There are 2 protein chains.
Amino acid sequence: MTDYKTPALTVDVVIFCLREQRLQTLLIKRGVEPYSGKWAIPGGYVRYGEDIDAAALRELGEETGVHNIYLEQLYTFGAPDRDPRGHTVTVTYFALIPDENITIEAGTDATDAAWHVLDELPDVAFDHKEIIGYAHERLRYKLEYTSAGFKLLPREFTLTELQTAYEIVLGEKLDKRNFRRRLLEADVLEKTGQYRSGGEGRPAMLYRYHAKADPQVKARRLYP
Amino acid sequence: MTDYKTPALTVDVVIFCLREQRLQTLLIKRGVEPYSGKWAIPGGYVRYGEDIDAAALRELGEETGVHNIYLEQLYTFGAPDRDPRGHTVTVTYFALIPDENITIEAGTDATDAAWHVLDELPDVAFDHKEIIGYAHERLRYKLEYTSAGFKLLPREFTLTELQTAYEIVLGEKLDKRNFRRRLLEADVLEKTGQYRSGGEGRPAMLYRYHAKADPQVKARRLYP
DNA sequence: CTTCATTAACGTCATTTGTACACAAAGTAT
DNA sequence: ATACTTTGTGTACAAATGACGTTAATGAAG
């Protein structure tokens, strides 16, 4: 193999979660230069011989203690000046996780890890603002035409909870009956047979995700 | 910057073109090991300090003589064993070009460059079969819900030519009136005022692309 | 225990969108 | 001039979407 000097390669992960009725993303406070003290999305160098998806999962685990989540590749950013240390190309991912028993632990390179409300972000390092923006757009788009919203909820959830998740992400109220019809017709939810008691009002049926044919994307074709 | 050994970084480009009423892609015959003598999609190493999009355009020009075309990032493949020379991550792109005055010239690393009908591909090097498949899927998807098909045609074209392009890519016949209505409503075409004479039958109005508001994607939202 | 407040569950109808389909107009070839 | 080929256009019907109000099940308050 001819040994050209190649750019460094990193992975970065934008994680979304619904907390306190707001869409939030996980940032780590950098403990080293450059941008020491600034917030950044979790990520790090891809090791030689390591699959990039695996690297994303590993970095996520190391820096935040979040394990076993579904990642989706987002985009690769490769402007030569995006990292002051030298040319660094980053493959970005995005993830949806439910807000439950997640222990965030700051890792080696990070002095802190914390959730941030998406539209009240602090100054972030590198071009991470752009990356988060891109991920946010993709998330909205995804919920507009798929039934992937349940990934933001615990394993079992009510239809109202699911609808609220959609409403928060999309930033608009949805019609309850039409929402239900759509999601039930998508055929990815199944009743658990149990009800959520506790709160006020009539108890709601609990559902869980169950892909019978895992269509996921329910985009409409422009031509028959 | 801590000097980890990072994977090598390449770019690869899948170019689509309609030639002789078939969807074709441009491959180069490799002149060096590994896979010497096999066909591969054009691409090569990203230089240190070079933007990845620029690298894709440069490699394309060097290897095929194709310049100034619109590229869209496709996906980044990073399995550690995808290149026998060592761990090499590749950022892939896809492009649509019209079949007109394109001079293909084999460049340095390639002994030959030629168009290949998409469903009669030879054995290709690396994981390029998978990449081409992925690009093909994206192309079909793109034409299903956008009006990007004109990128496969010369600057001026008739609606019948455009419809034929869609039919070839999508692999199905489309209704003439519905097709026209859809594309004209998309509001990205304008009449040139001229007609294509020459052939048999009634001369057809020539159109050209003209993005007034460049919506490009005309996807339908799942929620109001 | 009754009443009230709160949330869940459900169906219909008007409108919009999608799909199928046929014939006249404008040329060219003979 | 006649036959042939290709372009260009509208409508009726089916399907999907969007707006909308009432009853049912529970907990809280009196």
Side-chain angles (χ1 to χ4, degrees), chain A residues 21 143-147 149-150 153-154 156-168 170-187 189-208 215 217-224, chain B residues 21 143-147 149-150 153-154 156-168 170-187 189-208 215 217-224:
Chain A
Q21 304 292 303
L143 290 213
E144 271 166 11
Y145 70 100
T146 77
S147 47
F150 65 87
L153 299 179
E156 303 194 346
F157 49 85
T158 69
L159 290 183
T160 302
E161 287 164 353
L162 185 58
Q163 180 176 348
T164 303
Y166 273 77
E167 289 175 340
I168 292 171
L170 299 179
E172 58 185 328
K173 285 286 173 200
L174 303 175
D175 181 90
K176 194 200 306 200
R177 279 169 292 188
N178 295 338
F179 179 83
R180 282 160 188 250
R181 180 177 39 180
R182 272 260 175 48
L183 260 83
L184 295 176
E185 276 171 1
D187 203 38
L189 302 183
E190 64 176 11
K191 294 186 179 179
T192 64
Q194 293 185 302
Y195 292 85
R196 163 146 311 163
S197 42
E200 235 175 323
R202 176 174 170 176
M205 174 65 75
L206 285 169
Y207 286 79
R208 78 165 70 85
V217 176
K218 218 192 106 179
R220 299 187 56 72
R221 304 180 56 193
L222 188 52
Y223 299 100
Chain B
Q21 303 292 305
L143 289 214
E144 271 166 11
Y145 70 99
T146 78
S147 46
F150 66 86
L153 298 179
E156 301 193 346
F157 49 84
T158 70
L159 290 183
T160 302
E161 287 164 354
L162 186 59
Q163 181 176 346
T164 305
Y166 272 78
E167 288 175 342
I168 293 172
L170 299 179
E172 58 185 328
K173 285 287 174 198
L174 304 175
D175 180 89
K176 195 205 303 201
R177 279 173 289 192
N178 295 339
F179 178 83
R180 283 162 187 249
R181 175 158 33 114
R182 271 261 175 46
L183 259 84
L184 294 177
E185 277 172 359
D187 204 37
L189 303 184
E190 63 176 9
K191 293 185 180 178
T192 64
Q194 292 184 302
Y195 292 86
R196 164 147 310 164
S197 43
E200 238 175 321
R202 175 174 171 176
M205 175 64 77
L206 284 169
Y207 286 80
R208 77 165 71 85
V217 176
K218 218 192 107 178
R220 298 187 55 72
R221 305 181 56 192
L222 188 53
Y223 298 101

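None of the values given here were measured: they were computed from a predicted structure. In what follows, chains carry the letters A, B, and so on, assigned in the order in which the sequence lines appear, proteins first and then strands, with residues in each chain numbered from 1.
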Whole angstroms only, please: what is the [atom1]-[atom2] distance between [X] and [N]?
| X | N | atom1 | atom2 | value |
| --- | --- | --- | --- | --- |
| A/Phe157 | C/dA8 | CZ | P | 14 Å |
| B/Lys191 | D/dT7 | NZ | C1' | 12 Å |
| B/Asn178 | C/dA22 | CG | P | 13 Å |
| B/Phe179 | C/dG18 | CZ | C1' | 16 Å |
| B/Leu183 | C/dG18 | CG | P | 13 Å |
| B/Arg196 | D/dG8 | CZ | C1' | 17 Å |
| B/Asp175 | D/dT9 | CG | C1' | 12 Å |
| A/Glu200 | C/dT6 | CD | P | 6 Å |

Check your understanding: Who passes side-chain hydrogen bond (donor to acceptor under 3.5 Å, both in side chains) against A/Arg177, sequence neighbours left out?
Key ->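 So A/Arg177 forms no side-chain hydrogen bond (donor to acceptor under 3.5 Å, both in side chains) with any residue.
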Check your understanding: Mapping B/Arg181 and B/Lys176 onto DNA chain D by nearest heavy atom, which one lands closer to the 5' end?
Key ->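 Residue closer to the 5' terminus by nearest nucleotide: B/Lys176.
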If you round to the nearest 0.5 Å, how far is [atom2] of [Y] from [atom1] of [X]?
| X | Y | atom1 | atom2 | value |
| --- | --- | --- | --- | --- |
| B/Arg196 | B/Met205 | CZ | CE | 12.5 Å |
| B/Thr164 | B/Leu174 | OG1 | CG | 9.5 Å |
| B/Arg208 | B/Glu156 | CZ | CD | 5.0 Å |
| B/Arg180 | B/Asn178 | CZ | CG | 11.5 Å |
| A/Phe150 | A/Leu159 | CZ | CG | 13.5 Å |

Check your understanding: What is the nucleic acid contact for A/Thr160, judged by heavy atoms within less than 4.0 Å: base, sugar-phosphate only, or nothing?
Key ->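 Sugar-phosphate, no base atom in range.
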Practice item. Test for a donor-acceptor pair under 3.5 Å between the base of C/dT7 and the side chain of A/Arg202, counting only N and O atoms. Key: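 Per atom types, no contact qualifies.
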Review point. Toward the 5' end of DNA chain C, which comes first, A/Met205 or B/Arg177, by nearest nucleotide?
Key: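 First, find each residue's nearest nucleotide; the 5'-ward one identifies A/Met205.
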Check your understanding: So what is the 5' to 3' dot-bracket string for DNA chain D, if pairs are Watson-Crick or G-U wobble with both distances under 3.5 Å, crossing pairs use [ ] and | means the partner sits on another strand?
Key -> ||||||||||||||||||||||||||||||
Practice item. Specify whether B/Phe179 and B/Tyr166 have parallel, tilted or perpendicular ring planes, treating 30° as the upper limit for parallel and 60° as the lower limit for perpendicular. Key: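 Because their plane-to-plane angle is over 60°, the rings of B/Phe179 and B/Tyr166 count as perpendicular.
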Review point. D/dT17 phosphate, OP1 or OP2: any side-chain N/O from A/Arg182 under 4.0 angstrom?
Key: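 Looking at the OP1 and OP2 atoms of D/dT17, one of them is under 4.0 Å from a side-chain N or O of A/Arg182.
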